[in-house]
Amino acid sequence: CTMTKQIVLKLLREHTEEFLSGEAISRQAGVSRAAVWKAVEQLRQEGYGIESVPNRGYRLTRVTARLRPEELSEQFRDRRIGRELLYFDTIDSTNNELKRRAVSGTVDGTVILADQQTRGRGRRGRSFVSPAGKGLYLSAALRPQCPLSEISTLTAWTAVALCDAVEAACGVRPGIKWPNDLVLQDKKLCGVLTEMELEAETGSLGYVIIGIGINLRQNEADFGPGVAPTAISLQQALGRAPDRTELAAAVLLSLDKLYQDFPERAQGYLERFRRDCLTLCRPVRVLYPGGTREGTAVDITEDFGLTVRWPDGTVEAVTSGEVSVRGLYGYV
Ligand code: BTN
């Protein structure tokens, strides 16, 4: 049964350095040896690597790539973010699914999680390649009670929350490319696509969807030639990647905290954003609908805009749009 499987898994995870005998597991789990054997078989089918050596026992060699949404539902059922959590093996895009559900009145804090996306979307109409088992793809719906003008800062807040989550799960804090890419080794680790819906009659905010894609186990071939030069996974950067479910839990916890803090408690987010932002002090190229301008990023404004100094000495705050940064993602 699921319970036995989870206990066996927990024991194996606690003893990855040594073999655990079938007898020891059966004793600690309080089930028969046959039940242990059956649970090990089921776990193998789910993708866990479990080595077994006669007279020594079992040892966990590979943590599954499978997501465990039931654990997340359990952990988040009393929180605002994730109290409604839906999982899909395959979906076109978690943002799209949340939008479809929002039409019929999505619960505030609903989260959609998928193992793979067939039409993952990035900003500016780009696609976001989302192969099965390799990345974390999730979206959350929020209905923040704040003026529309404050909503644009939510993407920067999210970047800070995601840095907190990656640091909690991996012990390494990424940098931020303004406004909200997470960066390791000057390459993109994570992208955020924030979309919102206005209420037609009043023009007031209906809901915001925050879509998050974090690269965990991709290699160059998974990214493909177009993306590989500018993207990086945790596996590539650190030589290890956390368990996806554990990273998902850290992300949801950070988003839940953000949701409590937004928009009043901005100061801490602003401080972390300024500290982590890799764009500052670097030459930048700002893309406007009418053309491109080059300058230097000099500051982050109180509302998370990017202050740029142009060659003629004037400064301007950029609040949206595309900014490429020299030295990041290969822009020279
Ligand atoms: C970007 O960097 O351009 C944003 C990428 C956002 C990707 C995530 S993956 C989960 C969610 N669903 C999508 O279709 N996109 C976002």
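As the structure lists them, so they are numbered: ligands from 1, and atoms in each ligand from 1. The structure displayed is predicted, hence computed values, not measured ones.
With respect to atom 3 (O) of ligand 1, the closest heavy atom belonging to the protein is Arg123 N, 2.7 Å. Phe128 CD1, 3.6 Å is the protein heavy atom nearest to atom 5 (C) of ligand 1. Looking only at protein heavy atoms, the nearest one to atom 15 (N) of ligand 1 is Arg121 O, 2.7 Å.
Taking the six-membered ring where the residue is Trp, Trp157 and Tyr269 present parallel rings, their angle staying beneath 30° rather than reaching 60°.
Using a 4.0 Å cut-off to heavy atoms of Thr94, the atoms of ligand 1 that qualify are 10 (C), 11 (C), 12 (N). Annotation for ligand 1: atoms under 4.0 Å from non-hydrogen atoms of Leu138 are 10 (C). Atoms of ligand 1 found under 4.0 Å from any heavy atom of Ser139, numbered from 1 in the order shown, are 11 (C). Annotation for ligand 1: atoms under 4.0 Å from non-hydrogen atoms of Gly120 are 14 (O). Counting atoms of ligand 1 from 1 in the listed order, those under 4.0 Å from a heavy atom of Gly122 are 1 (C), 3 (O), 4 (C), 5 (C).
Summarising the geometry, atom OG belonging to Ser21 is positioned 9.5 Å from atom OH belonging to Tyr58; distances are rounded to the nearest 0.5 Å.
Between Glu322 and Arg126 there is a salt bridge, since at least one side-chain N of the basic residue sits less than 4.0 Å from a carboxylate O of the acidic one. Taking a cutoff of 4.0 Å between a charged side-chain nitrogen and a carboxylate oxygen, Arg100 and Asp92 qualify as a salt bridge.
Side-chain contact of Thr90 with Gln116: a donor-acceptor pair under 3.5 Å is present, judged by distance alone. Side-chain contact, Glu316 with Thr307: no donor N or O sits under 3.5 Å from an acceptor N or O.
Of the listed residues (Ile91, Val192, Ile214), the one carrying the non-hydrogen atom nearest atom 4 (C) of ligand 1 is Val192.
Between Tyr137 and ligand 1, a contact under 3.5 Å exists for no N or O pair. Remark: ligand 1 and Arg119 share no N or O pair separated by less than 3.5 Å (distance only, no angle test).
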Any chance you could lay out the salt bridge (Lys or Arg N to Asp or Glu O under 4.0 Å) test for Glu271 and Arg274, step after step, and finish with the verdict? CA-CA 5 Å; Glu271 274 162 25; Arg274 284 185 169 137; over 6 Å; no

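Contact annotation for Asn96 and ligand 1: no heavy atom of the residue comes within less than 4.0 Å of the ligand. Under 4.0 Å from ligand 1, not a single heavy atom of Ser130 appears.
Heavy atoms of Lys188 come nearer than 4.0 angstrom to ligand 1 in at least one pair. The closest approach between any non-hydrogen atom of Gln117 and ligand 1 is below 4.0 Å.
Taking 4.5 Å as the limit, every side-chain heavy atom of Arg309 sits out of range of all side-chain heavy atoms of Thr314. Two residues are said to be in side-chain contact when any heavy atoms from C-beta on lie closer than 4.5 Å; Leu238 and Arg240 meet this criterion.
With Asp115 as reference, Arg244 is the one residue of Lys134, Arg68, Arg244 to meet the salt bridge (Lys or Arg N to Asp or Glu O under 4.0 Å) rule.
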